[in-house]
Amino acid sequence: MEHARVKEILNRNKSGGNVVIKGWLKTARHSKGFSFLEVSDGSCFSGIQVVAGEGLDNYDTEIKKLLTGCAVSVSGELVDSPGQGQKYEIKAEKIAVVGLVDSDYPLQKKRHTYEFLRTIAHLRPRTNSFGAVFRVRNAASKAVHHFFQERGFVYLHSPIITASDCEGAGEMFKVTTLDLKAPPRDEAGKIDYKQDFFGREAHLTVSGQLEAEIAAMALSNVYTFGPTFRAENSNTSRHLAEFWMIEPEMAFCDIRGDMDLAESFLKYVLQSVLNDCPDDMQFFNDRIDNTVLATMESIIKTPFERITYTEAVDILLKSGKTFEYPVTWGCDLQSEHERYLTEDHIKRPVIVTDYPKTIKAFYMYLNDDDKTVRAMDVLVPKVGEIIGGSQREDRKDILLKRIGELNLNEKDYWWYIDLRRYGSVPHAGFGLGFERIVQFMTGMGNIRDVIPFPRVPGYAEF
RNA sequence: UCCGCCUUAGCUCAGCAGGCAGAGCAAGUGGCUGUUAACCACUGGGUCGCUGGUUCGAGUCCAGCAGGCGGAGCCA
């Protein structure tokens, strides 16, 4: 008899019949003559209570000794539970002990700190919190693909190793097979990367955007969703050295279409997670952050505010608030500014557009004022910037001028410039850190707790 | 990288005025016929982060280092 998942059993509309489940004990309560075992298989937030009586042939030898964490296979009858707190329970007819635990099993029935659980990342998926996090992460991931697939976007696998050092977004990890103790040198005494694996310097990708633009110029609408690496020495609750990024790119699209896509994307993913993981989301709302459900629902319902950078600066100047970093037109918006805009002033997500060209990347579309570019940042309460995007500069002469102004080397961008020579069209896209959105939905304070195995400066265990 | 706080049993934490190292949970043993972080009793469990200093005496005071956390910068 094939075994059932706990989720399916709990969703049944009536008890009765024989079931087989396999899972791990969340807790075991032993009394004289019988035991209650709560078995979880990760299929949903809740486990199911198993009642084991002393009539079982291995009751004295095995069942009585079961501890939290033991793996079991249970077959029995699904019955209505007379106790409080659960609809059904399983009256065990046979319990096979599949895997015992040593007595130093670190997970207990009480609350653990997230700091401690990070040190046992191989066991933390078994906790309520992390089970819920990973199910929500999965649901969000599924929603990302569904959203784009339903709209005819092509999933593009952009490279993880890149030899172009022109991506320009942050510090990169080097990829090499050279002997670091004695690398080959050229005549000037510099490391000779011609002898390296790729015949040139190579790095882990910091963005798939430029490759996504290539694909968009043929397939019209594409998206990437893959691992991304930043070698920055960032020690914060919002940064990882390895994270997952989503980058859609649309041909024949301007900044307005980009904003529309970003807004419907966020709403879609949030709604999908609410639909797929109601119990997990209820848990986050009850135990982690009692505003997550209300915030998500209001984001889904309310149109996002849209303001320009210039308007944002005005709002900040007129706010009467003193910020640690003073606001002037031309400065980059700091976390405190973004938070004031989205949390205090507008009180919902806001898309800020048309930033000064001096604080944005070379590839963003230059406005007619010659001062601002068609960039857009989506700011949400609590997290701040969750999406950053832009309409891309599709005019070759202006792109070349911008590359010159920023003292970049045209040669490094030869293929990117080529795209502006061969059938160039207006196009736009954005980037989104996947963990940021999972953080936002779950209310988890530290980004290290929404990815199974976090990589941060000084730490890559597991 | 900068600023601040923290580090005592497997976990969460007390401890003070510088004078024998504590509790709850977990684990072990026993008890209990419906539990829900079950309950009751008993037992075992410690390099008080590391190094140095002050002192008759340091978990406690001082310095340095390491690790963790929070905030900031960089950024998604």
Side-chain angles (χ1 to χ4, degrees), chain A residues 26-38 46-55 64-65 67-69 79 81-86 89 91 101-120 123 127-128 167-172 205-209 227-247 287 323-325 332-336 338-339 359-361 377-380 383-389 430-440 445-451 456-459 461:
Chain A
K26 274 268 163 63
T27 160
R29 292 179 291 272
H30 303 287
S31 292
K32 183 175 176 73
F34 65 94
S35 299
F36 295 105
L37 312 174
E38 191 190 337
S46 175
I48 189 162
Q49 175 160 287
V50 171
V51 186
E54 63 187 336
K64 251 165 62 173
K65 296 173 183 152
L67 303 171
T68 300
V79 298
S81 177
Q84 298 293 305
Q86 63 273 319
E89 63 187 26
K91 202 170 169 178
V101 299
D102 287 355
S103 66
D104 60 354
Y105 185 66
L107 291 175
Q108 298 167 25
K109 299 174 232 187
K110 64 171 208 165
R111 216 194 143 270
H112 288 292
T113 61
Y114 292 120
E115 292 79 20
F116 171 65
L117 292 173
R118 261 171 241 154
T119 69
I120 51 167
L123 300 173
T127 63
N128 288 336
E167 296 189 15
E171 295 295 310
M172 304 174 88
T205 184
V206 292
S207 165
Q209 181 199 315
T228 308
F229 308 87
R230 302 277 167 90
E232 276 136 20
N233 192 10
S234 297
N235 291 288
T236 81
S237 54
R238 302 191 315 283
H239 290 87
L240 294 164
E242 177 184 292
F243 64 99
W244 286 66
M245 190 150 68
I246 298 153
E247 294 175 297
R287 303 295 286 272
F323 295 104
E324 192 186 337
Y325 292 84
D332 208 350
L333 297 182
Q334 303 293 322
S335 298
E336 57 174 345
E338 295 178 345
R339 294 184 64 139
I359 57 171
K360 289 291 181 183
D377 283 358
V378 180
L379 312 180
V380 297
V383 172
E385 183 188 331
I386 200 164
I387 287 180
F430 60 78
L432 160 91
F434 184 59
E435 284 75 17
R436 292 262 174 97
I437 197 174
V438 178
Q439 242 191 308
F440 178 70
N446 196 312
I447 201 166
R448 297 168 196 204
D449 300 326
V450 297
I451 190 167
V456 295
Y459 192 80
E461 189 69 60

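Letters A, B, ... mirror the listed sequences (proteins, then strands); counts begin at 1.
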Side chain of A:T27 - closest among B:rA38, B:rC11, B:rG34
B:rA38
Given side chains that start at C-beta, do those of A:F229 and A:M172 come closer than 4.5 Å, heavy atoms only?
no
Heavy-atom side-chain contact between A:Y105 and A:L67 under 4.5 Å
no
Please check the phosphate of B:rA38 (OP1 and OP2 only) for any side-chain N or O of A:K109 closer than 4.0 Å.
yes
If the C1' atom of B:rA38 is compared with that of B:rG45, how far apart are they to the nearest Å?
24 Å
Does any donor-acceptor pair link the side chain of A:K110 with the base of B:rC25 at a separation under 3.5 Å?
no
Dot-bracket notation for RNA chain B is requested: 5' to 3', Watson-Crick or G-U wobble pairs only, both distances under 3.5 Å, with ( ), [ ], | and . as defined.
(((((((..((((.....[..)))).(((((.......))))).....(((((..]....))))))))))))....
Rounded distance in Å between the P positions of B:rU12 and B:rU54:
35 Å
List, with names and distances, any nitrogen or oxygen atoms from the protein found under 3.5 Å away from nitrogen or oxygen atoms belonging to nucleotides 70-74 of chain B.
residue: B:rG70; atom: OP1; partner: A:N446; partner atom: ND2; Å: 3.4
residue: B:rG70; atom: OP2; partner: A:N446; partner atom: ND2; Å: 3.1
residue: B:rG71; atom: OP2; partner: A:S237; partner atom: OG; Å: 3.1
residue: B:rA72; atom: O2'; partner: A:Y325; partner atom: OH; Å: 3.3
residue: B:rA72; atom: N6; partner: A:N235; partner atom: O; Å: 3.2
residue: B:rG73; atom: OP1; partner: A:Q334; partner atom: OE1; Å: 2.6
residue: B:rG73; atom: OP2; partner: A:S335; partner atom: OG; Å: 3.2
residue: B:rG73; atom: N2; partner: A:N233; partner atom: O; Å: 3.2
residue: B:rC74; atom: O2; partner: A:S234; partner atom: OG; Å: 2.5
residue: B:rC74; atom: N3; partner: A:S234; partner atom: OG; Å: 3.2
residue: B:rC74; atom: N3; partner: A:H239; partner atom: NE2; Å: 3.4
residue: B:rC74; atom: N4; partner: A:H239; partner atom: ND1; Å: 3.2
residue: B:rC74; atom: N4; partner: A:H239; partner atom: NE2; Å: 2.9

Residue closer to the 5' end of RNA chain B, A:E242 versus A:R29 (nearest nucleotide):
A:R29
When rounded to the nearest Å, what value does the distance between P atoms of B:rC16 and B:rA23 take?
16 Å
Side-chain atoms of A:Q49 come closest, of B:rU35, B:rC25, B:rU33, to B:rU35
Phosphate-side-chain proximity, A:K32 and B:rC32, N/O vs OP1/OP2 below 4.0 Å
yes
Which whole number of Å gives the distance between the C1' atom of B:rG46 and that of B:rA14?
15 Å
Report yes if a donor N or O on one partner sits less than 3.5 Å from an acceptor N or O on the other, where the partners are the side chain of A:E38 and the base of B:rU36; otherwise report no.
no
For B:rU35, does the base pair up with any side-chain atom of A:Q84 as donor and acceptor (N or O, under 3.5 Å, distance only)?
no
